[in-house]
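What you see below is based on every heavy atom in this structure, not just the backbone, and it leaves out hydrogens, waters and symmetry mates.
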Amino acid sequence: VLATNEKYDDACELNLQHWCELNWGVPFYMDNDTRMATVGEWECGAARGLDNVVMMTIGTGIGTGVILDGRVLYGEHYQAGSLGGHFVVDYKGRKCSCGNVGCVEALSSSFFLSSIIKDNTKLTASFRDKADCYDFEEIFSLASRGDIDALLVRNECMDVWSAAIVTYIHAYDPQVIVLGGGIMKSKDVILPYIRERVERLAWCPTEKVKIVASELGDNAAVLAAEYSFTSKRRKNEILSA
């Protein structure tokens with residue numbers, strides 16, 4: 001564990017592989033959750049057979065994972081591809097939990113939803129007063145019934161997700177963007193909205209990037225286990241050769 005963003009700071013001092021072998025006697029592998037979900041969709045789901053994939057999970061936070069030229073993207077410090085929730089889409093925006101300003105996550109995740117509502121002066125006072133009572137499920141439900149405040153919140157969050165996806169397309173040049181997370185229960189609303197906006201704004205001169213929903217849901221990361229252990233074993237064999 002390299003960093004925890006003030007969540008589980010003692011984890012950085014633990015030798016989790018030794019602990020796991022000592023207590024359970026089984027092989028151990030750990031990775032970023034959305035990166036593993038991306039591998040699952042790449043191996044078994046919505047991105048099967050493709051070489052260039054970005055996955056975005058929308059929920060408490062915003063997570064991303066990237067497959068580039070048929071390889072899982074890690075980078076020098078194991079962070080490449082996994083910090084899409086902290087791409088800046090408004091440098092004058094809300095401060096994020098990571099310490100940066102204007103991150104995708106700070107402007108459109110459920111962790112910040114209460115602040116998103118309270119800070120929006122376009123909303124009615126009565127709606128803002130109940131900000132702590134809302135989650136995205138309620139926002140989407142109210143919006144589907146024509147509630148003007150909920151529609152504004154919903155659409156502004158979808159605009160942020162779209163802005164993030166445009167940036168991912170420009171950064172990674174994928175064949176497909178896979179969207180996951182509990183929010184995709186509303187995919188019938190989210191997918192058409194984001195597809196239209198991204199198609200209009202992203203610079204894709206030769207071919208439009210497909211935007212699809214996760215096929216594997218919460219099982220995506222689990223289904224990445226075989227690939228992960230095989231890759232780890234292969235690396236160990238190379239190092240010991």
Side-chain angles (χ1 to χ4, degrees), residues 1-48 51-87 95-100 103-106 109-112 164 168 171-172 174 177-184 214-241:
V1 181
L2 302 178
T4 67
N5 197 18
E6 300 182 350
K7 293 178 181 177
Y8 306 101
D9 289 340
D10 58 338
C12 298
E13 308 301 322
L14 298 176
N15 185 334
L16 292 173
Q17 181 163 332
H18 175 72
W19 179 85
C20 207
E21 290 172 351
L22 184 67
N23 288 277
W24 293 348
V26 297
F28 173 80
Y29 184 88
M30 183 171 65
D31 207 328
N32 174 270
D33 56 349
T34 304
R35 184 183 281 137
M36 287 293 89
T38 307
V39 171
E41 294 291 343
W42 175 47
E43 287 282 293
C44 309
R48 210 165 35 249
D51 290 329
N52 294 285
V53 178
V54 174
M55 183 168 184
M56 178 187 191
T57 55
I58 304 168
T60 305
I62 305 291
T64 55
V66 176
I67 309 297
L68 195 62
D69 295 332
R71 301 179 64 181
V72 184
L73 194 61
Y74 282 97
E76 182 66 22
H77 306 98
Y78 303 96
Q79 295 187 134
S82 67
L83 293 177
H86 300 285
F87 281 21
K95 186 174 182 179
C96 185
S97 59
C98 72
N100 200 357
C103 295
V104 176
E105 191 164 301
S109 70
S110 62
F111 182 83
F112 283 96
Y168 305 154
Y172 303 117
I177 302 283
V178 181
L179 299 182
I183 196 73
M184 293 310 290
S214 161
E215 290 181 3
L216 305 176
D218 293 340
N219 294 320
V222 177
L223 290 170
E226 181 180 359
Y227 173 89
S228 302
F229 280 117
T230 301
S231 298
K232 182 179 180 182
R233 189 182 305 116
R234 191 180 303 121
K235 289 176 185 176
N236 291 338
E237 289 171 352
I238 292 171
L239 291 171
S240 61

> What pair of heavy atoms forms the shortest contact from Thr64 to Gly84, and how long is it?
Replying inline: OG1-N, 2.8 Å
> Is it true that atom OH of Tyr29 has more than 12 heavy atoms of other residues, nucleotides or ligands lying nearer than 6.0 Å?
Replying inline: yes
> Rounded to the nearest 0.5 Å, how far does CE of Met36 lie from OG1 of Thr34?
Replying inline: 10.5 Å
>> Let me confirm one number: the CG-CZ distance from Leu22 to Phe28, rounded to the nearest 0.5 Å.
In response: 13.5 Å
>> Test your reading of the model: is there a side-chain donor-acceptor pair from Glu215 to the backbone of Glu41, 3.5 Å cut-off?
In response: no
> Do Thr60 side-chain atoms and Ser110 backbone N/O form a donor-acceptor pair below 3.5 Å?
Replying inline: no
> Can you tell me how far CG of Asn15 sits from CD of Glu21, rounded to the nearest 0.5 angstrom?
Replying inline: 8.0 Å
>> Does any part of the side chain of Ile67, heavy atoms only, come nearer than 4.5 Å to the side chain of Asn52, both counted from C-beta?
In response: no
>> Return the OG1 to CE distance between Thr57 and Met184, rounded to the nearest 0.5 Å.
In response: 11.5 Å
> When rounded to the nearest 0.5 angstrom, what is the spacing between CD1 in Ile183 and CE in Met56?
Replying inline: 10.5 Å
> Do Ser214 and Val178 come within less than 4.5 Å of each other through their side chains, counting heavy atoms only?
Replying inline: yes
>> What I'd like to find out is whether the side chain of Leu216 reaches to under 4.5 Å of the side chain of Cys44, using heavy atoms alone.
In response: yes
> How far apart are the closest heavy atoms of Gly65 and Thr38, and which atoms are they?
Replying inline: CA-OG1, 3.3 Å
> Once the angle between the rings of Tyr172 and Tyr168 is folded into 0 to 90°, is it parallel (under 30°), tilted (30 to 60°) or perpendicular (over 60°)?
Replying inline: tilted
>> Are there over 12 heavy-atom neighbours, none belonging to Phe111, within less than 6.0 Å of that residue's CZ?
In response: no
> What distance do Cys96 atom SG and His86 atom NE2 have between them, rounded to the nearest 0.5 Å?
Replying inline: 5.0 Å
>> On a heavy-atom basis, which atom in Met55 and which in Gly180 lie closest, and how many Å separate them?
In response: CE-CA, 4.1 Å
> Considering all heavy atoms of both residues, which atom of Gly85 and which atom of Cys103 are nearest to each other, and what is their separation?
Replying inline: O-CB, 3.6 Å
> Do you know which two heavy atoms are closest between Gly45 and Arg48, and how far apart they sit?
Replying inline: O-NH1, 3.0 Å
> Is Val72 close to Arg35 at the side-chain level, that is, under 4.5 Å between some pair of heavy atoms?
Replying inline: yes
> In terms of heavy-atom contacts, does CG of Asp51 have more than 12 from other residues, nucleotides or ligands at under 6.0 Å?
Replying inline: yes
